[in-house]
Amino acid sequence: MADEDNSTPAASPKEEEASSAAATGANDAAATAIDETAAAISSITVEDASDEDDKEDEAVPPPPPPAQEQDKEAVPPPPPAAAHQFNFNLPPPAAAAAAAADPQLDFANLNAQFLSLLPPCIHPRLDKLTALSEERGKLLEQYLIERAALEQKYNDLMKPLYEKRRDVIAGKCDEEIQKMQSEAPSSSSNEQQQQVKGIPQFWACAMGHIDILAELITEQDVDCLEHLTDITCNDFTDGSGFELHFHFSPNDFFTNEILTKRYEVPNLLTEDEPMLQSVTGTEIHWKTPDQCLTHKTITKKQRKKGGPNAGQVRTIQKTERAESFFHFFTPPKMPELGDVVDEEEADAMEEHFDHDYEVACAVRGSLIPNAVHWFTGEAMEDMMFGDEEDMLEEEGEEEDGNGGGFEFNLNVGGGNGSSPFPPPAAGEGENPECKQN
């Protein structure tokens with residue numbers, strides 16, 4: 001048997017030529033790859049690991065000379081000064097305790113933990129700042145004492161002026177004022193005007209021109225406020241609060257002669273946000289339930305729908321809260337230390353106290369010292385020109401929607417619809433009315 005032939009068949013001339021060309025191309029490609037790899041390796045520079053993140057997006061700089069490269073490796077750059085990078089976060093246990101709002105939270109311990117995070121060199125500087133703050137506190141105490149005394153001095157000087165104003169409003173100075181005007185030519189209209197005593201509804205009208213007060217007053221309140229003869233304010237001698245007094249003449253609504261509202265504000269004379277320590281008002285003694293302005297009794301009829309007495313009608317009475325300015329004298333009870341109040345209730349209470357204090361400040365700081373200007377409307381003009389565009393726009397919106405306000409009828413006669421002022425003389429205008437826009 002003949003032996004098997006395991007040799008490779010001889011290649012044709014064309015195949016040998018193609019194989020030679022392929023080998024030559026492969027050699028050229030390998031040489032090019034080696035050159036590129038060598039160039040890439042030669043461009044690589046050694047960098048600190050800490051700088052890799054910062055230089056990730058930056059272009060690779062050209063390689064420095066070999067001598068400089070050796071110097072860099074021999075003397076590495078100094079690390080960034082970490083002494084100024086403080087971590088002022090509370091330690092996890094303290095932060096968790098603060099987040100939990102524990103009533104028994106030890107703030108002194110938390111402060112100590114916070115201070116322990118600071119470098120020792122900071123502590124003496126903080127001690128110096130604390131000493132400076134204490135010195136300022138002593139000066140502020142002296143300032144408050146002197147300011148309270150100064151305000152008390154001028155309050156005493158203004159008191160006779162306010163008392164004289166009260167007499168003019170009440171009509172006690174009508175004859176004196178008439179004598180001063182005796183030289184002026186008299187007319188039938190002027191003679192008729194003398195039938196009016198004092199200035200009716202002075203305080204009700206002045207209050208109606210102050211927005212924050214006017215929004216509290218209803219038409220039913222006006223009949224009662226016409227008996228308001230004076231509003232005064234007594235500041236505490238130490239400057240820690242004030243007390244408002246609303247003086248009333250005898251009326252058909254309540255027996256109180258004076259309604260008071262007392263505010264204890266330890267930081268009253270500072271520019272800080274007021275801290276209300278206590279707010280108390282007067283209990284109003286209404287003469288009859290029908291005359292009560294803060295609550296009203298509603299009578300309803302109910303018809304039984306089923307059972308043996310189906311169709312039977314019964315009458316029930318229910319007392320409901322009525323909108324009135326006189327709620328001002330019944331502030332909400334301030335929560336005591338340790339009382340648990342939910343967030344919604346706390347927000348509502350805070351809003352109520354803020355608004356109540358704004359009303360008190362409007363009476364104390366604006367109405368009492370400038371009552372005549374609020375009555376005549378001059379103070380309203382000053383307020384509008386102080387904020388021209390905004391106030392004019394709001395005024396226009398209120399006029400278009402009738403403002404939701406009320407009208408002062410200046411009825412001193414007692415609800416019969418007649419005006420206390422005599423009718424105008426022939427050719428003169430309509431009876432003046434004091435309106436809240």
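In this chain, residues are counted from 1 in sequence order. Every value quoted in this text rests on a predicted model; they were computed, and no experiment measured them.
Applying the salt bridge (Lys or Arg N to Asp or Glu O under 4.0 Å) rule to Glu320 yields no partners; only residues at least two apart in sequence or on another chain are considered. Considering only residues two or more places apart in sequence or on other chains, Asp221 meets the side-chain hydrogen bond (donor to acceptor under 3.5 Å, both in side chains) condition with Thr218, Ser324. For Thr330, there are no side-chain contact (heavy atoms from CB on, under 4.5 Å) partners, not counting sequence neighbours. With sequence neighbours left out, Phe328 forms a ring-ring contact (aromatic ring centres under 6.0 Å, His included) with Phe325. With sequence neighbours excluded, the residues forming a side-chain hydrogen bond (donor to acceptor under 3.5 Å, both in side chains) with His245 are Asn234, Glu243, listed by chain and number. Scored by the salt bridge (Lys or Arg N to Asp or Glu O under 4.0 Å) test, Glu345 finds no partners at all (sequence neighbours excluded). Residues that satisfy the salt bridge (Lys or Arg N to Asp or Glu O under 4.0 Å) test with Glu257, not counting sequence neighbours, are absent from this structure. The ring-ring contact (aromatic ring centres under 6.0 Å, His included) test applied to His295 returns His327, not counting sequence neighbours.
Between Met207 atom CE and Ile212 atom CD1 the span is 11.5 Å, to the nearest 0.5 Å. Between the CG atom in Leu228 and the CG atom in Asn251 there is a gap of 10.0 Å [rounded to 0.5 Å]. In this structure, CD1 on Ile258 lies 12.5 Å from CG on Leu244, to the nearest 0.5 angstrom.
There is a side-chain donor-acceptor pair under 3.5 Å between Thr282 and Thr260. For the residue pair Glu151 and Asn155, no side-chain donor N or O sits within less than 3.5 Å of a side-chain acceptor on the partner.
For residues 355-372, the side-chain hydrogen bond (donor to acceptor under 3.5 Å, both in side chains) pairs, not counting sequence neighbours, are Glu215-His355, Asp235-Arg364, Lys261-Asp356, Tyr263-Asp356, Ser366-Trp374. Within the structure, side-chain hydrogen bond (donor to acceptor under 3.5 Å, both in side chains) contacts touching residues 128-145 (residues at least two apart or in different chains) are Gln142-Glu146, Tyr143-Arg147. Among residues at least two apart or in separate chains, there is no salt bridge (charged side-chain N to carboxylate O under 4.0 Å, His left out) pair with a member in residues 280-298.
Proximity of a side-chain donor or acceptor of Asp252 to a complementary backbone N or O of Gln291 within less than 3.5 Å is not detected.
Counting heavy atoms from C-beta on, the side chains of Phe246 and Phe329 come closer than 4.5 Å. Residues Trp203 and Leu225 are not in side-chain contact: their nearest non-hydrogen atoms beyond the backbone lie 4.5 Å or more apart.
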Side-chain donor-acceptor pairs under 3.5 Å in residues 165-173, sequence neighbours left out?
from: Arg165; atom 1: NH1; to: Ile368; atom 2: O; distance (Å): 2.6
from: Arg165; atom 1: NH2; to: Ile368; atom 2: O; distance (Å): 3.2

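When ring centroids are compared, Phe253 and Phe326 stay outside the 6.0 Å threshold.
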One pair to check against side chain to side chain donor-acceptor pair (under 3.5 Å): Gln178 and Asp174. What are the steps and the verdict? CA-CA 6 Å; Gln178 177 61 23; Asp174 287 354; over 6 Å; no
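Open room surrounds CD on Glu323; 12 or fewer heavy atoms of other groups in view lie less than 6.0 Å from it.
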